[in-house]
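Please read all numbers here as calculations on a predicted model, not as lab measurements.
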Amino acid sequence: MSTRIAFLKGHGTENDFVIIPDPENVIDLPPAAVAALCDRRAGIGGDGLLHVVRSAAHPEARAMAAEAEWFMDYRNGDGSIAEMCGNGVRVFAHYLQRAGHVAEGDIAVATRGGVKAVHIAKEGDITVGMGKALLPEGDVTVSVGERSWPARNVNMGNPHAVAFVEDLDHAGDLYTAPPFSPASAYPDGVNVEFVVDRGLRHVALRVHERGSGETRSCGTGACAVAVATARRDGADPAVTGTPATYTVDVPGGRLVITEQPDGEIEMTGPAVIVAEGEIDAGWLETATP
């Protein structure tokens, strides 16, 4: 390993990431090293890590190399491997453009969740194809203190319970997971979104992400909220043949979500690179047990 490892730091609606460019996949990043880098006090700090690798150089992505040159080897902040991160893909694409690997327009990014279609607009916003939502049947209720609300069950590849409330303060402190029932609805836990209306096809949310607590932004959560709100409003693009677009404010900024008539969901939002530098490989080795 080199004595110095290049890195960048970026965020998408304040969902922040350490970025490690490694086109030929030569940098060893075991879970403990990723956790050390993402540590907000002892490391660089981030919700996750974006390992930038050419698809042909990574064993998990070689089969996608013909469709997408670049693979987003995404890791959670604790070092565990994840399939996808919508906010992360925007930051990943922004890095590729900044580094001169791609130009504005349409590109493909390989992820463990498959190849994702990405569009880099002239004005800087980035759109990511997020797949289709599933709407499991059955009544769900979420609670905070003495208050309870019916919630819409939406699955974006991960589970969400979307509750419409009068005031976002009713979500409480979100330090702990809001109780839900029936327990059988989410045997592995759930991301819970609390939603208020801000205007015509414009909502705001707070979210408790399972295993993390309240976060500044959740891309799949914003998509789930847009779909749940559209159905509440009587809008189903598969029936009308007309796309449904909602503006979704998250604590860290604003996302625009469009559900197409074929069910595909697109998420548009900003991506920012805030810093770049070098990691001391000696420090990383000592920080990794």
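- In this structure, E123 places its CD atom where more than 12 heavy-atom neighbours from other residues, nucleotides or ligands lie under 6.0 Å away.
- One distance of note links CG of L205 with CZ of F164; it measures 10.5 Å at 0.5 Å rounding.
- Between the side chain of N76 and the backbone N or O of G79, no donor-acceptor pair lies under 3.5 Å.
- Between the side chain of Y186 and the backbone N or O of H160, at least one donor-acceptor pair lies under 3.5 Å.
- Annotation for P261 and P243: closest pair CD-CG, 4.0 Å, computed over non-hydrogen atoms.
- Side-chain atoms of I44 and F7, non-hydrogen and from C-beta on, do get closer than 4.5 Å to each other.
- Although no hydrogens or angles enter the test, the distance criterion places a donor-acceptor pair under 3.5 Å between the side chain of R90 and the main chain of P270.
- Side chain of R75 to backbone of V34: no donor-acceptor contact under 3.5 angstrom is found.
- Counting heavy atoms from C-beta on, the side chains of E214 and H208 never come closer than 4.5 Å.
- Taking all atoms of both residues into account, the shortest heavy-atom contact from A68 to A108 is CB-O, 3.6 Å.
- Judged by distance alone, the side chain of K9 and the main-chain N or O of G45 form a donor-acceptor pair under 3.5 Å.
- Nearest heavy atom pair, residue P251 against residue R216, reads O-NH2, 2.9 Å.
- Judged by distance alone, the side chains of D78 and S80 do bring a donor and an acceptor atom under 3.5 Å apart.
- Identified under the salt bridge (Lys or Arg N to Asp or Glu O under 4.0 Å) test for residues 39-64, with sequence neighbours left out: D16-R40, E24-R54, R40-D47, R54-E69, E60-R112.
- Counting heavy atoms from C-beta outward, S143 and W149 have side chains that stay 4.5 Å or more apart.
- Expressed to the nearest 0.5 Å, how far CD1 of I5 lies from CG of D22 amounts to 9.0 Å.
- Here the shortest heavy-atom pairing between P159 and R210 reads CD-NH2, 3.4 Å.
- Atoms CG and CD1, from L8 and I19 in turn, are 5.0 Å apart once rounded to the nearest 0.5 Å.
- Cluster annotation: I257 is connected to V118 through the hydrophobic network of ILVMFWY side chains, with a link wherever side-chain heavy atoms come within less than 4.5 Å.
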*Kindly determine whether R98 and I273 satisfy side-chain contact (heavy atoms from CB on, under 4.5 Å), including the steps that lead there.*
CA-CA 9 Å; R98 175 190 172 109; I273 302 292; 3.6 Å; yes

*asked:* Could you walk me through whether M130 and M84 satisfy the side-chain contact (heavy atoms from CB on, under 4.5 Å) test, starting with their C-alpha distance in whole Å, then the side-chain angles of each, then the deciding distance to 0.1 Å, before giving a yes or no?
replied: CA-CA 9 Å; M130 297 290 286; M84 236 291 281; 4.0 Å; yes

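- In this structure, Y95 and V52 have side chains that are in contact, with non-hydrogen atoms separated by less than 4.5 Å.
- Residues A133 and V154 share a closest heavy-atom pair of CB-CG1, 4.1 Å.
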*Could you check C38 against F17 for side-chain contact (heavy atoms from CB on, under 4.5 Å), going step by step and ending with a plain yes or no?*
CA-CA 8 Å; C38 291; F17 309 95; over 6 Å; no

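- Linking Ile, Leu, Val, Met, Phe, Trp and Tyr whenever their side-chain heavy atoms come within less than 4.5 Å leaves Y246 and V165 in two separate clusters.
- In this structure the side chain of L200 never reaches within 4.5 angstrom of the side chain of H202, judged on heavy atoms.
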*Is there a salt bridge (Lys or Arg N to Asp or Glu O under 4.0 Å) between E67 and K116 once you walk through the steps?*
CA-CA 10 Å; E67 296 179 73; K116 301 300 178 183; over 6 Å; no

_Please determine whether side-chain contact (heavy atoms from CB on, under 4.5 Å) holds for the pair V203 and T247, giving the CA-CA distance in whole Å, both sets of side-chain angles, and the decisive distance to 0.1 Å._
CA-CA 6 Å; V203 296; T247 299; over 6 Å; no

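- A pairwise comparison of heavy atoms in A57 and P23 identifies CB-O, 3.7 Å as the closest pair.
- K132 contributes a side-chain N or O that, together with a main-chain N or O of D262, makes up a donor-acceptor pair within less than 3.5 Å.
- Listed by first and then second residue, the side-chain hydrogen bond (donor to acceptor under 3.5 Å, both in side chains) pairs that reach into residues 167-176 are R147-H170, sequence neighbours excluded.
- Note on L135: it clusters hydrophobically with M267, by side-chain heavy-atom contacts below 4.5 Å among ILVMFWY residues.
- The line from CD1 of I120 to CG of L96 is 7.0 Å long, rounded to the nearest 0.5 Å.
- Checked for salt-bridge contact, R231 and D233 miss the test: no charged N lies under 4.0 Å from a carboxylate O.
- In the hydrophobic cluster analysis, where Ile, Leu, Val, Met, Phe, Trp and Tyr join through side-chain heavy atoms closer than 4.5 angstrom, I126 is grouped together with V91.
- Here the options are N155, N191, N158, the test is side-chain hydrogen bond (donor to acceptor under 3.5 Å, both in side chains), and the partner is T220; only N158 passes.
- Residues V142 and P150 fail the side-chain proximity criterion, which asks for heavy atoms closer than 4.5 Å.
- Between the side chain of S181 and the backbone N or O of A183, no donor-acceptor pair lies under 3.5 Å.
- With T288 contributing its side chain and E285 its backbone, the two residues share no donor-acceptor pair below 3.5 Å.
- The CD1 atom of I20 sits 6.5 Å away from the CD1 atom of I27 when rounded to the nearest 0.5 Å.
- Side-chain contact of D125 with T268: a donor-acceptor pair under 3.5 Å is absent, judged by distance alone.
- If you check the side chains of T215 and E209, you find a donor sitting under 3.5 Å from an acceptor.
- D197 places no side-chain N or O within 3.5 Å of a backbone atom of G199 that could act as its donor or acceptor partner.
- Note that the CZ atom of F92 and the NE2 atom of H51 stand 9.5 Å from one another [nearest 0.5 Å].
- M156 is listed as a side-chain neighbour of I265, based on a closest heavy-atom distance under 4.5 Å.
- The shortest side-chain heavy-atom distance between L50 and M72 falls under the 4.5 Å cut-off.
- Here the side chain of S217 pairs no donor or acceptor atom with the backbone of V250 at under 3.5 angstrom.
- In the hydrophobic clustering of this structure, V102 does not group with V115; members are Ile, Leu, Val, Met, Phe, Trp, Tyr whose side-chain heavy atoms approach within less than 4.5 Å, directly or through other members.
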